[in-house]
Amino acid sequence: MKKIEKATAFVNENRDLFRCPVCERPFERVAGFSLVCPNNHSFDISKKGTLYFLTKSANNEYDKQMLASRQRILQAGLFDGLIQKISTFLKAAPETILDVGCGEGTPLARLLRKKANADTAIGFDISKDGINLATQHETRAFFCVADLARLPFNTSVFSTVIDLFSPSSYSEFNRVIKPGGQLIKIIPNSGYLQELRQLLYGTDQANSSYSNQKVLDLFTTHYPHSSIYPLRYQFQIPAGLQRDMMIMTPLHWGRGQGSHSSVQLETLTKITVDVSILINHFNDGGKNG
């Protein structure tokens, strides 16, 4: 089955998940390879099997090289320990999962492999290049290009929303998560990628150190009864992927970094993953766990 046909079947089967980002009406039908709302706003499924929901041009700072490097590193296993931990918070029964800012799709694709149940999963990102890379995965997830601030999804349709290192729109998360569902947000801690920070910035404290306090405070303000789970491990970087390790993050954009020759990069043999997993459960009768 072609990607466009597979995607059309998914959208047709799960049309109740989507709503029009223009008029905010639930989509009414699938006509050919297009998703159509009652006001005749139409969104075409691409040959790659994606939907493009943006209604205006978007600025995206992640280029194709960065996304490709990120995909190689993640497929080598950088986030496998994190994905394994996230999987323990998912229910045994089939879930409806939304991956916020899914990028090139590896985390969601690998998370779905952890579950034997037929979860319904959608990943979205503002980057069309990232979504095009995501469609290369052999996965049952559906990927689309969408705006975080204007999600093209109906109210109360996802049992789990996962936000891995992405910006948040808590009002939209509150809207699309089902009663009894959960929000899982992952934020970096001060030790995240510390070896790379040291290599690039040395003793430059402005760039070599990081604090997640503002993000953590905002989350806990919205969800005062949420839980925090720290996770820290080291990943052995496979030979030849050191430059990808550097390019996959925005760290190499910062001011004050030193030069980094191939010889210096070869000394980067391991990297620390140091994160906090923030979880809020939404009560059956309300929007705050």
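Excluded from the calculations below are hydrogen atoms, water molecules and symmetry mates; all remaining heavy atoms, backbone and side chain alike, are included. Keep in mind the model is a prediction, meaning the values are calculated, not measured.
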Could you tabulate the donor-acceptor pairs under 3.5 Å formed by side-chain atoms of residues 16-45, not counting sequence neighbours?
{"unit_1": "Ser34", "atom_1": "OG", "unit_2": "Asp44", "atom_2": "OD1", "d": "2.5"}

Would you say the side chain of [Y] lies within less than 4.5 Å of the side chain of [X], judging by non-hydrogen atoms?
{"X": "Pro179", "Y": "Ser156", "value": "yes"}
{"X": "Asn280", "Y": "Phe219", "value": "yes"}
{"X": "Leu148", "Y": "Ile126", "value": "no"}
{"X": "Tyr229", "Y": "Phe89", "value": "yes"}
{"X": "Leu216", "Y": "Ser276", "value": "no"}
{"X": "Thr220", "Y": "Ser226", "value": "yes"}
{"X": "Tyr223", "Y": "Asn174", "value": "yes"}
{"X": "Leu111", "Y": "Ile162", "value": "yes"}

Quick one: list whatever passes side chain to side chain donor-acceptor pair (under 3.5 Å) with Asn132, sequence neighbours left out.
-> none
Residues two or more places apart in sequence or in another chain: which of them pass side chain to side chain donor-acceptor pair (under 3.5 Å) with Arg15?
-> none
Verdict with reasoning, Phe143 to Phe10, per ring-ring contact (aromatic ring centres under 6.0 Å, His included) = CA-CA 11 Å; Phe143 295 100; Phe10 177 94; 9.8 Å; no
Please identify each residue that fulfils side chain to side chain contact (heavy atoms under 4.5 Å, CB included) with [X], with sequence neighbours left out.
{"X": "Ser171", "result": "Ser169"}
{"X": "Tyr52", "result": "Leu54, Lys128, Val145"}
{"X": "Thr135", "result": "Lys3, Lys48, Thr50"}
{"X": "Lys2", "result": "Ile4, Glu5"}

Mind checking whether Tyr170 and His222 have parallel, tilted or perpendicular rings, split at 30° and 60°?
->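 Answer is tilted, since the angle falls between 30° and 60°.
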Side chain to side chain donor-acceptor pair (under 3.5 Å) contacts in which one or both residues fall within residues 92-115, not counting sequence neighbours =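 Residue pairs with at least one partner in residues 92-115: Gln71-Glu104, Asp80-Arg110, Gln84-Lys114, Glu95-Ser159, Glu95-Thr160, Glu104-Thr106, Thr106-His137, Lys115-Asp119.
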Let me confirm one number: the [atom1]-[atom2] distance from [X] to [Y], rounded to the nearest 0.5 Å.
{"X": "Ile83", "Y": "Leu78", "atom1": "CD1", "atom2": "CG", "result": "9.0 Å"}
{"X": "Leu199", "Y": "Leu268", "atom1": "CG", "atom2": "CG", "result": "6.0 Å"}
{"X": "Ser227", "Y": "Ile277", "atom1": "OG", "atom2": "CD1", "result": "11.5 Å"}

State, to 0.1 Å, how close [X] and [Y] come at their nearest heavy-atom pair, and which atoms those are.
{"X": "Val100", "Y": "Phe124", "value": "CA-CE2, 3.7 Å"}
{"X": "Met248", "Y": "Ile73", "value": "SD-CG2, 3.5 Å"}
{"X": "Ala7", "Y": "Phe142", "value": "CB-CE1, 3.7 Å"}

Here the salt bridge (Lys or Arg N to Asp or Glu O under 4.0 Å) pairs for residues 158-172, sequence neighbours left out, are Asp163-Lys185, Glu172-Arg175
ring-ring contact (aromatic ring centres under 6.0 Å, His included) against Phe158, all qualifying residues, sequence neighbours excluded =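 Checked Phe158 against ring-ring contact (aromatic ring centres under 6.0 Å, His included); matches are Phe153.
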ring-ring contact (aromatic ring centres under 6.0 Å, His included) against Phe165, all qualifying residues, sequence neighbours excluded |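 ring-ring contact (aromatic ring centres under 6.0 Å, His included) list for Phe165, sorted by chain: Phe79, Tyr192.
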Decide yes or no on side-chain contact (heavy atoms from CB on, under 4.5 Å) for Gln182 and Leu90, but give the supporting numbers first.
-> CA-CA 9 Å; Gln182 63 180 343; Leu90 299 181; 4.1 Å; yes
Do Asp63 and Asp129 pass the side-chain contact (heavy atoms from CB on, under 4.5 Å) test, and can you show the C-alpha distance, the side-chain angles, and the key distance before you say yes or no?
-> CA-CA 8 Å; Asp63 59 25; Asp129 291 331; over 6 Å; no
ring-ring contact (aromatic ring centres under 6.0 Å, His included): pairs with one or both residues in residues 90-113, sequence neighbours excluded |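 Non-adjacent pairs meeting ring-ring contact (aromatic ring centres under 6.0 Å, His included): zero.
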